[in-house]
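Here is the structure we will look at.
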Amino acid sequence: MTDLPETTERKLGLVIDLDTCVGCHACVIACKGWNDVAYGAPLSDQDPYGADPSGTFLNRVHSYEVAPEEGPPQLVHFPKSCLHCEDAPCVTVCPTGASYKRAEDGIVLVEEDACIGCGLCAWACPYGAREMDMAEGVMKKCTLCVDRIYNEHLAPEDREPACVRTCPAGARHFGDLADPESAVSRLVAERGGMDLMPEQGTRPVNKYLPPRERDRMPAAPALEPVAQEPRGFLGWLDRTLDRLPGGRG
Amino acid sequence: MHPAPSLLIFTTLSGAGLGFLFFLGLGMPAPTGWVAFGYFALAYALAAGGLSASVFHLGHPERALKAFTQWRSSWLSREAWAAVATLTVMALYGAGLVFFGTRLAPLGWLGAALALATVVTTSMIYTQMKAVPRWHTPLTPALFLTIALAGGALFAGESGAARVLLIVALVLQLAWWVRGDRRFAESGTDLGTATGLGDRGRVHSFEPPHTGPNYLLREMVFVVGRRHAMRLRFAAVILMAILPLVLLLPAFGKIGAALAALVHLSGVAVSRWLFFAEAEHVVGLYYGAR
């Protein structure tokens, strides 16, 4: 049923550090690489080597410039994927029950065999986290690498989402946000983790850590100008040129 | 939002068809025999034709039956049930009129109520979308209902009801546009809340995630159709309400009334184009667009 669970035992999700992300897009590639051969239909591309390439991605990295009232603007790289919302509007609109939120860990998934490809869930998501696969006609979204995190065939350090495992900057963290003692919950508490579009009422599980305050250079007093008037040879040249027709002299 | 032709045809035709079935259900008119067959055939062509067009919107139409399962939470699923219930009840009611010359009035009333319920479920699919502020208002179901009823009255030949409903539809349409133009700003969602960075300064999109287009941009950030919005609004008002009102004047007779229904439908199609094309999804903010 596409009713949402009242509560979930755990709230697995990501914490993304906007202070640390360097915008390298490695998470985008790792995500596409893993999910191309894993859960459900592969993530297809259309016209990949042609003039108008496009394709299905579950994670995309935007870059924003934030211009404060005073001081220099700041560039913020901004990875965005499914936020596994507690009040996920994408789940309740689904007419077939293909979209669901798991009661045990809060992951929002699509059962692709039941998806009719109506696209309503993608409309309902304010974050653009769902994309219709143009080759398969079914909805694709971040699975939080559900086929990695519980996978006992993988080494323990690999049992986390591909994007988190690959991030070279350590800007992505994975864990249980329902447990106040978990590393991700502590990060959120310490760094003021925030929700995206809180006014949409989706109660996202994923949190974003804001960029830290930048150091400010103290305003140094301006130095006296070293040379107001040319002297020596340059002085002579200056005076001579001024005497010519059209000069200042 | 992308104005998919299948959705334009679906909402335009099925709205009018269900409005037509509403009036037939009330016995306005209550023909019998072959005349009744003609009426019901037209109403079913509009309603069922529109509904079947919506199936072409699906990525997997062969799984469409699964859409009946989630009526507890999904308006699309409720719409499927309401549509099938309406068409079934009205088929029985119509069979009574066509083959037995008897009008089973309570069955007609039930069918009429179901027809209206179907229009409401259709409109709620859009109204529930908080991510599309322009749609997220009680005026949306009101507008869908009056347009469906006005179209139904025109096809049913109920000129008196049609005149009133066309005027109400006109007023609601204008109110919906005036309100809709402010809805995005009122929603409080902007790039500041979308990124959580709004309290640090003015946020603007520096570079998009990919150089090419993607599904989200094609589906939710369809800006091309807005280019002639004002002219199209003007055309919609003229075709949907004003010209049909003129054609309903007694001087134009039966041909005028028939033309009024067709002109009205074309106006509703323009209005529906704008309904989708002008609807800004909040995800556009992430791309520095609306």
Side-chain angles (χ1 to χ4, degrees), chain A residues 1-4 18 25 28 52-57 60-69 73-76 78 80 89 91-98 114-120 122-128 131-132 134 136-139 194-201 208 210-211, chain B residues 1 54 57-64 66-80 125-126 128-132 187-189 191 193-198 200-220 281-284 286-288:
Chain A
M1 269 291 174
T2 49
D3 287 333
L4 286 163
L18 298 179
H25 291 237
V28 178
D52 191 25
S54 72
T56 315
F57 286 80
R60 294 179 186 264
V61 179
H62 297 250
S63 296
Y64 298 106
E65 190 183 60
V66 187
E69 293 271 324
Q74 187 181 355
L75 191 63
V76 179
F78 194 93
K80 184 162 62 63
V91 169
T92 47
V93 297
C94 177
T96 68
C115 175
I116 56 173
C118 68
L120 210 54
W123 287 13
C125 172
Y127 308 107
E131 299 190 15
M132 180 95 78
M134 287 298 132
E136 292 290 330
V138 295
M139 198 54 74
M194 54 193 187
D195 289 348
L196 305 185
M197 294 187 185
E199 71 285 350
Q200 287 276 332
Y208 282 75
Chain B
M1 307 296 285
S54 70
H57 184 62
L58 302 180
H60 280 276
E62 78 281 4
R63 299 177 188 158
K66 286 185 193 286
F68 287 91
T69 58
Q70 303 302 312
W71 50 271
R72 290 196 312 189
S73 53
S74 164
W75 281 105
L76 182 52
S77 192
R78 288 171 198 160
E79 182 197 38
I125 292 171
Y126 306 109
Q128 68 180 337
M129 295 287 167
K130 214 174 171 187
V132 186
S187 75
T189 299
L191 188 49
T193 70
T195 57
L197 301 169
R200 297 165 168 264
R202 204 176 54 80
V203 187
H204 85 96
S205 174
F206 184 77
E207 46 183 14
H210 291 77
T211 50
N214 63 32
Y215 168 73
L216 300 171
L217 290 169
R218 285 189 296 264
E219 186 74 5
M220 324 284 179
H281 194 288
V282 293
V283 77
Y286 286 110
Y287 290 86

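A note on names: the letters A, B, ... follow the listed sequences, proteins ahead of strands, and every chain is numbered from 1.
When the candidates P89(A), C125(A), G119(A), G55(A) are compared by the number of heavy-atom contacts under 4.5 Å with chain B, C125(A) comes out ahead. Annotation: maximal heavy-atom pairing with chain A below 4.5 Å, among G59(B), P209(B), G201(B), A131(B), occurs at P209(B). With chain B as partner, the option from E136(A), E131(A), Q74(A), M139(A) having the largest number of non-hydrogen pairs under 4.5 angstrom is E131(A). Ranked by non-hydrogen atom pairs under 4.5 Å with chain B, the options L18(A), L120(A), V138(A), I116(A) are led by I116(A). For chain B, the option among P68(A), A67(A), S54(A) with the highest count of heavy-atom pairs below 4.5 Å is A67(A). Of the listed residues (G288(B), G284(B), P213(B), A80(B)), the greatest number of heavy-atom pairs within a distance under 4.5 Å of chain A belongs to P213(B). Chain A forms more heavy-atom pairs under 4.5 Å with one residue of T195(B), L197(B), I125(B), L191(B) than with any other, namely T195(B). In terms of heavy-atom pairs under 4.5 angstrom with chain A, the leader among M220(B), H210(B), E219(B) is H210(B). Taking chain A as the reference chain and counting heavy-atom pairs below 4.5 Å, the highest number among P61(B), S187(B), G212(B), G196(B) is found for G196(B).
Listed by chain and residue number, nothing satisfies the side-chain hydrogen bond (donor to acceptor under 3.5 Å, both in side chains) test with Y208(A) (two or more places apart in sequence, or in another chain).
At a 4.5 Å heavy-atom cutoff, the contact between H281(B) and chain A is made by side-chain atoms alone. Both the backbone and the side chain of E207(B) come within less than 4.5 Å of a heavy atom in chain A. When heavy atoms are compared at a cutoff of 4.5 Å, M194(A) approaches chain B solely by way of its side chain, counted from C-beta outward. When heavy atoms are compared at a cutoff of 4.5 Å, V61(A) approaches chain B solely by way of its backbone atoms N, CA, C and O. Neither the backbone nor the side chain of P73(A) comes within less than 4.5 Å of any heavy atom of chain B. The part of P53(A) that comes within reach of chain B is its backbone (N, CA, C, O), which places non-hydrogen atoms under 4.5 angstrom from that chain. Residue S54(B) does not touch chain A at all, counting heavy-atom pairs closer than 4.5 Å.
Using modelled atom types, one side-chain atom of Y127(A) and one backbone atom of L196(A) make a donor-acceptor pair closer than 3.5 Å. Using modelled atom types, one side-chain atom of R78(B) and one backbone atom of R72(B) make a donor-acceptor pair closer than 3.5 Å.
Heavy atoms of other residues, nucleotides or ligands lying less than 6.0 angstrom from CD of E69(A) number 12 at most.
A distance of 11.5 Å separates CG of L216(B) from OH of Y286(B), quoted to the nearest 0.5 Å. Rounding to the nearest 0.5 Å places CD of E79(B) at 10.0 Å from CZ of F68(B).
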**OP:** Could you go through the side-chain contact (heavy atoms from CB on, under 4.5 Å) check for R63(B) and T96(A) one step at a time?
**Re:** CA-CA 9 Å; R63(B) 299 177 188 158; T96(A) 68; over 6 Å; no
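Taking the six-membered ring where the residue is Trp, F78(A) and Y64(A) present perpendicular rings, their angle passing 60° and hence far from 30°.
Between R60(A) and N214(B) there is a side-chain heavy-atom pair separated by less than 4.5 Å.
Heavy atoms only, all atoms of each residue included: A64(B) and L58(B) are closest at CB-CD1, 4.2 Å.
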